[in-house]
Amino acid sequence: MSVIPLLICCYLVTVKFFSIEILAGMNGVYFLLAVIFALLGLLRGRQVLRDVIQQLVEANRQLALANDRQGTFVHNVAHEVRTPLAIIKGALDNLADGLHGALTTDQTEPVAMSRKEIDRLKRLVGDLLDVARIEAGKLRLSREEVVLQDVVQSVAHLLGPQLQARGLSLAMDLPEQPAMVIGDADRLKQVFLNLFANAVKFTKRGGIRVRLFQEADAFQVEVIDTGPGIAEADLERIFDKFERVGAQEEEGSGLGLPIARDIVELHQGRLWVESQLGKGSRFIVRLPMARSLVATPGGSQ
Ligand code: ADP
């Protein structure tokens with residue numbers, strides 16, 4: 001509102017009238033009134049603006065508080081559920097191992113099914129705990145020298161039986177020079193385990209290819225599959241929590257990728273995907289090289 005009389009003043013002075021004499025008499029009074037209105041409007045506007053900013057700051061504070069409470073709640077529930085889950089799992093493992101006597105044929109199937117479901121629940125609880133820790137900024141990362149070839153190979157070794165069971169091929173394209181980054185080996189393993197496991201899970205025929213190479217002052221790991229691919233509209237969505245796309249025939253919680261991306265970003269890296277429906281997917285992780293390597297021309301030592 002205050003801007004309008006101000007604009008009128010400017011117009012009167014600069015366009016309509018050419019000299020200050022023209023303000024003599026009643027024109028001067030109108031001009032003065034307009035200036036006073038403009039100033040009052042400005043003062044009022046400042047006050048309104050200050051109030052709005054204060055309300056926004058307060059709303060933001062309340063939101064952050066609610067978010068914190070929600071995170072703490074999820075963390076506490078997940079934490080509480082973990083212990084009974086471990087006990088149930090132990091008991092089921094004992095049953096399956098015949099510690100309480102051999103299982104009858106009728107008992108084998110339900111015990112196996114229960115163990116599978118308990119494992120799934122354990123993974124979900126672990127993921128929820130990770131999400132809560134990340135959101136609270138409490139995910140502690142160790143900082144050690146990590147050779148990416150070791151991480152990738154150990155993950156491939158872990159998933160070997162699943163690859164075989166599904167009749168999928170695995171091709172590894174790794175450099176001989178150690179690709180060293182600074183970070184948390186276990187957490188990086190978690191990232192690649194998620195990417196590999198997804199590639200295996202979603203690929204029905206063909207295989208998985210892993211490439212590791214240097215890209216400027218970073219190392220890039222690509223997990224490439226011949227699976228169903230991902231529609232362009234979903235390429236970013238799959239990194240949101242609980243988002244699952246496509247046929248959803250496979251089990252999953254939709255938490256693996258968001259956690260993996262957060263872990264990579266906590267390592268100052270990037271995780272993204274390139275894909276086309278029906279043409280497979282390429283998940284790409286780029287991590288900064290360990291400083292000592294960056295300093296060396298050519299990037300390797
Ligand atoms: P989850 O695998 O437990 O569902 P993720 O967060 O790991 O959760 O993945 C989210 C979704 O992204 C998956 O449900 C799937 O729809 C899609 N996705 C992930 N990896 C692939 C892949 N290699 N090929 C096709 N779709 C994938």
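All values below were derived from every heavy atom in this structure, side-chain atoms included, with hydrogens, water molecules and symmetry-related copies excluded. Source: prediction; values computed, not measured.
Side chains of Glu58 and Gln54: a donor-acceptor N/O pair is absent below 3.5 angstrom, by distance only. Using a 3.5 Å distance cut-off with no hydrogens or angles, the side chains of Asp51 and Gln55 do not pair a donor with an acceptor. For the residue pair Gln190 and Asp130, a side-chain donor N or O sits within less than 3.5 Å of a side-chain acceptor on the partner.
Using a 4.5 Å heavy-atom threshold, the side chains of Gln70 and Asn67 count as touching. A 4.5 Å side-chain heavy-atom check between Leu148 and Val181 finds at least one atom pair inside the cut-off. A 4.5 Å side-chain heavy-atom check between Leu121 and Glu117 finds every atom pair outside the cut-off. Side-chain contact between Leu56 and Asn60: absent, with no pair of heavy atoms (C-beta onward) separated by less than 4.5 Å. Residues Glu145 and Ile182 meet the side-chain proximity criterion, which asks for heavy atoms closer than 4.5 Å.
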Check the pair Val210, Ile224 against side-chain contact (heavy atoms from CB on, under 4.5 Å), reporting the backbone distance first and the verdict last.
CA-CA 6 Å; Val210 183; Ile224 306 154; over 6 Å; no
I would like to know whether Met180 and Met289 meet side-chain contact (heavy atoms from CB on, under 4.5 Å); could you show each step before the answer?
CA-CA 6 Å; Met180 205 175 313; Met289 297 166 72; over 6 Å; no
Take Glu236 and Arg261 through the salt bridge (Lys or Arg N to Asp or Glu O under 4.0 Å) test and state the conclusion after the steps.
CA-CA 11 Å; Glu236 267 309 300; Arg261 179 176 264 184; 3.0 Å; yes
Residues Arg187, Leu139; criterion side-chain contact (heavy atoms from CB on, under 4.5 Å); working and verdict
CA-CA 10 Å; Arg187 288 295 178 180; Leu139 188 79; 3.4 Å; yes
From CA spacing to verdict: salt bridge (Lys or Arg N to Asp or Glu O under 4.0 Å), Asp93, Arg115
CA-CA 7 Å; Asp93 286 348; Arg115 286 175 82 197; 2.8 Å; yes
How far apart are the C-alpha atoms of Val152 and Gln149, what are their side-chain angles, what is the distance that settles it, and do they pass the side-chain contact (heavy atoms from CB on, under 4.5 Å) test?
CA-CA 5 Å; Val152 169; Gln149 282 96 329; 5.9 Å; no
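Within a 6.0 Å radius of CZ in Arg237, more than 12 heavy atoms belonging to other residues, nucleotides or ligands are found. Few gaps surround CZ on Phe213; more than 12 heavy atoms of other groups in view lie less than 6.0 Å from it. More than 12 heavy-atom neighbours from other residues, nucleotides or ligands sit within 6.0 angstrom of CD on Gln62. Enclosure of atom CD in Gln164 is not indicated, since only 12 or fewer non-hydrogen atoms of other residues, nucleotides or ligands lie within 6.0 angstrom. Arg166 CZ: more than 12 foreign heavy atoms inside a 6.0 Å radius. Heavy atoms of other residues, nucleotides or ligands lying less than 6.0 angstrom from CD of Glu144 number more than 12. When the shell of 6.0 Å around NZ of Lys89 is examined, it contains more than 12 heavy atoms from other residues, nucleotides or ligands.
When atom types are taken as modelled, the side chain of Gln162 and the backbone of Leu159 share no donor-acceptor pair closer than 3.5 angstrom. When atom types are taken as modelled, the side chain of Gln214 and the backbone of Ala216 share a donor-acceptor pair closer than 3.5 angstrom. Side-chain atoms of Ser275 come within 3.5 Å of backbone N or O of Gly280 as a donor-acceptor pair.
Minimum interatomic distance between Leu255 and Leu124 (heavy atoms only, all atoms of both residues): CD1-CD1, 4.2 Å. Taking all atoms of both residues into account, the shortest heavy-atom contact from Asn94 to His100 is CB-NE2, 3.8 Å. Here the shortest heavy-atom pairing between Ile208 and Val200 reads CD1-N, 4.0 Å. The heavy-atom pair separating Lys201 from Glu251 by the smallest distance is NZ-O, 2.9 Å. Residues Ser281 and Val273 approach most closely at CB-CG2, 4.4 Å, considering heavy atoms. Among all heavy-atom pairs drawn from Ser142 and Asp184, the shortest one is N-OD2, 2.8 Å.
Cluster partners of Phe202: none. The rule joins Ile, Leu, Val, Met, Phe, Trp and Tyr whenever side-chain heavy atoms lie under 4.5 Å apart, and it links nothing here.
A chain of hydrophobic side-chain contacts below 4.5 Å, direct or via other Ile, Leu, Val, Met, Phe, Trp or Tyr residues, connects Val77 to Ile88. Ile284 and Val155 fall into different hydrophobic clusters, where Ile, Leu, Val, Met, Phe, Trp and Tyr residues are linked whenever their side-chain heavy atoms come under 4.5 Å apart, directly or through other members. Under the 4.5 Å side-chain heavy-atom criterion for Ile, Leu, Val, Met, Phe, Trp and Tyr, Val131 and Leu129 are members of distinct hydrophobic clusters. Under the 4.5 Å side-chain heavy-atom criterion for grouping Ile, Leu, Val, Met, Phe, Trp and Tyr, Leu128 is not connected to Leu85 through any hydrophobic cluster. By the criterion of side-chain heavy atoms lying less than 4.5 angstrom apart, applied directly or through intervening Ile, Leu, Val, Met, Phe, Trp or Tyr residues, Phe242 is grouped together with Phe239 in one hydrophobic cluster.
Here the rule is side-chain hydrogen bond (donor to acceptor under 3.5 Å, both in side chains) with Glu222, and of Arg282, Arg209, Arg286 only Arg282 fits it.
Met172 contributes atom CE, which lies 5.0 Å from atom CD of Gln153 (distance to the nearest 0.5 angstrom). Between the CD atom in Glu274 and the CD atom in Gln276 there is a gap of 10.5 Å [rounded to 0.5 Å]. Annotation: the span from Leu103 atom CG to Glu109 atom CD amounts to 12.0 Å, rounded to 0.5 Å. Distance CZ/Phe283 to CG/Asn194: 8.5 Å, rounded to 0.5 Å. Rounded to the nearest 0.5 angstrom, Leu212 CG and Phe192 CZ are separated by 8.0 Å. The distance from atom CD1 of Ile263 to atom CG of Leu287, rounded to the nearest 0.5 Å, is 11.0 Å.
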